[in-house]
Amino acid sequence: MPIVESNKVTDSKAATTPTSSAAVLVLEDGRMFRGRSYGAQGTALGEAVFATGMTGYQETITDPSYARQLVVQTAPHIGNTGVNSEDAESRRIWVAGYIVRDAARRPSNWRSERSLDDELTEQGVVGIQGVDTRAITRHLREHKTMRAGIFSGEAAQASDKELLDAVLASAPMEGAALAEEVSIDEAYVVEPKDHGWEGEPRFSIAAVDLGIKAMTPVRFAERGVRVHVLPATSTVEDVNAVKPDGFFMSNGPGDPATADHQVKLLRSVLDEKLPYFGICFGNQILGRALGFGTYKLRYGHRGINQPVMDRRTGKVEITSQNHGFAVDAPLNGATVAPEERYGRVEVSHVSLNDDVVEGLACLDIPAFSVQYHPEAAAGPHDAAYLFDRFIDLMADTKSQATGENSNDSNDSKTEDKK
């Protein structure tokens, strides 16, 4: 397999930082990009992917959906605003490695508490700077996402063959079960009163953390919904123990084909007719629960500028996404789910870039999902209405249950409520 070395990016900082360590990015097809170390030094192995967001790099690197991935930032200038303790989307940085073109020499923002470089170093995240991220992105688009490695410090002194062999020996994303690795160990509760809601909670939901971002339960809490966040290993008994009005499954990393436990859990919930809302990984799990398959995308959707059509309204949303797998479901019209007990289902949202399934809506049970991230930290906010749609679904389900309970005394009243 030939080794092809790219041209390095000209960087004026190189002359002023002669002690900076050499680093190299090696792709599994043999392509190599040489630059300088950024953050911690050493070795980082994972799947190379690119993210197209112009802002929100702190939210990107702390998104658990990026576990075991080397993230290429297509925006050329990274680190300008530093990092702070408020914008992190989880308890730590989850990217396996970080690839940027022009790293800021120093942050300049009134909210900055430390530099991105220092944060990466402190958390042991190996990165590379001074490489042509446009060329890397074009290569990944043309040849698909692939295994890769970042090597810096002493690790970068190995021969090209040794570096490539290390990449080829690393685990692929297909077949990776990562949700349990990034999930919490113990349940916790997010209360509406802590996020500006006055009065008693309107509803309570059980939310399974498969890699949940911090803003997701906050968006529910702002709307008066108490959120019981549960570990990825939770059972239906754990869900029922919190007496929820609805059930939610979050975004997360890895191959949905490995999520047999979560699929079984969701089927138990759907059988009980508990309203369900899933995002990203939760969308893929709903697809599997209904009997559809999933498949790996060529290079995935990652960034905050992905156009999606809501087929129910005809509106186009600009969405935040981070996924490398998708649901394989019929795009046109309603169809009976392969698991026939769940009735009819339709593709509610579709990508305008490549016709990938971006949402599912069940027509005979109270369940829907989308492939993108409606909490949208750090933006856009076109899809925020989905939280309200879920609240409406819980309200309608509760109203119908109340009507059905009074069916014996007043049939006509029940029909009116329906």
Side-chain angles (χ1 to χ4, degrees), residues 179 203 205-208 210 230 232 234-240 242-252 255-295 308 310-312 323 325-350 355-372 374 386-387 389-405 407 417-418:
F203 296 101
I205 67 171
V208 174
L210 305 175
L230 307 178
S234 297
T235 65
V236 68
E237 289 77 20
D238 297 325
V239 172
N240 290 334
V242 303
K243 297 180 169 60
D245 300 300
F247 182 61
F248 174 83
M249 280 187 164
S250 76
N251 60 289
D255 187 344
T258 67
D260 292 342
H261 173 80
Q262 289 77 25
V263 170
K264 180 181 177 181
L265 171 60
L266 180 53
R267 283 176 175 165
S268 297
V269 169
L270 296 179
D271 289 340
E272 295 182 359
K273 300 297 193 295
L274 191 66
Y276 172 73
F277 175 31
I279 67 171
C280 199
F281 206 66
N283 176 67
Q284 296 159 8
I285 292 174
L286 176 59
R288 283 200 57 201
L290 296 174
F292 297 114
T294 57
Y295 64 98
V308 169
D310 183 340
R311 290 179 157 185
R312 291 185 164 186
H323 66 108
F325 294 84
V327 176
D328 185 9
L331 289 177
N332 297 314
T335 184
V336 176
E339 290 289 329
E340 295 182 1
R341 69 184 186 273
Y342 299 125
R344 297 165 301 148
V345 62
E346 65 182 5
V347 173
S348 58
H349 297 72
V350 65
D355 288 333
V356 164
V357 173
E358 292 287 351
L360 298 169
C362 295
L363 305 182
D364 298 314
I365 58 173
F368 73 97
S369 60
V370 293
Q371 185 58 64
Y372 46 95
L386 290 165
F387 294 101
R389 180 177 287 183
F390 186 46
I391 290 172
D392 290 342
L393 182 62
M394 289 189 288
D396 290 345
T397 302
K398 179 173 285 190
S399 175
Q400 290 181 18
T402 303
E404 290 169 2
N405 289 338
N407 188 55
K417 288 186 177 182
K418 289 181 179 178

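Every value quoted in this text rests on a predicted model; they were computed, and no experiment measured them. Numbering starts at 1 and runs along the sequence shown. What you see below is based on every heavy atom in this structure, not just the backbone, and it leaves out hydrogens, waters and symmetry mates.
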inquiry  = With a 4.5 Å cut-off on side-chain heavy atoms, are Tyr372 and His349 touching?
reply    = yes
Taken to the nearest 0.5 Å, the spacing of Leu266 CG from Leu274 CG works out to 10.0 Å
- Query: Does the side chain of Leu393 come within less than 4.5 Å of Tyr276's, by heavy atoms?
  - Reply: no
Taken in chain and number order and not counting sequence neighbours, the residues that satisfy ring pair (Phe, Tyr, Trp, His ring centres under 6.0 Å) with Phe248 are Phe220, Phe277
Taking C-beta and beyond as the side chain, do Arg311 and Asn332 meet within less than 4.5 Å on heavy atoms? yes
Practice item. Give a yes or no on whether a salt bridge exists between Glu339 and Arg267, defined as a side-chain N under 4.0 angstrom from a carboxylate O. Key: yes
Closest non-hydrogen contact found for Asp260 with Ala257 is OD1-O, 3.7 Å
CZ (Arg341) and CG (Asp271) are apart, to the nearest 0.5 Å, by 4.5 Å
One should read off an interatomic distance between Ile285 CD1 and Ser250 OG, to the nearest 0.5 angstrom, of 8.0 Å
| query | Counting only N and O atoms by type, is there a donor-acceptor contact under 3.5 Å from the side chain of Arg312 to the main-chain atoms of Ser348? | reply | no
Which of Ile365, Thr335, Leu363 passes side-chain contact (heavy atoms from CB on, under 4.5 Å) with Arg344? It is Leu363
Interatomic distance, OG@Ser369 vs CG@Leu386, rounded to 0.5 Å, equals 10.0 Å
Fill in: Between Thr235 and Asp238, a side-chain donor and acceptor under 3.5 Å
yes
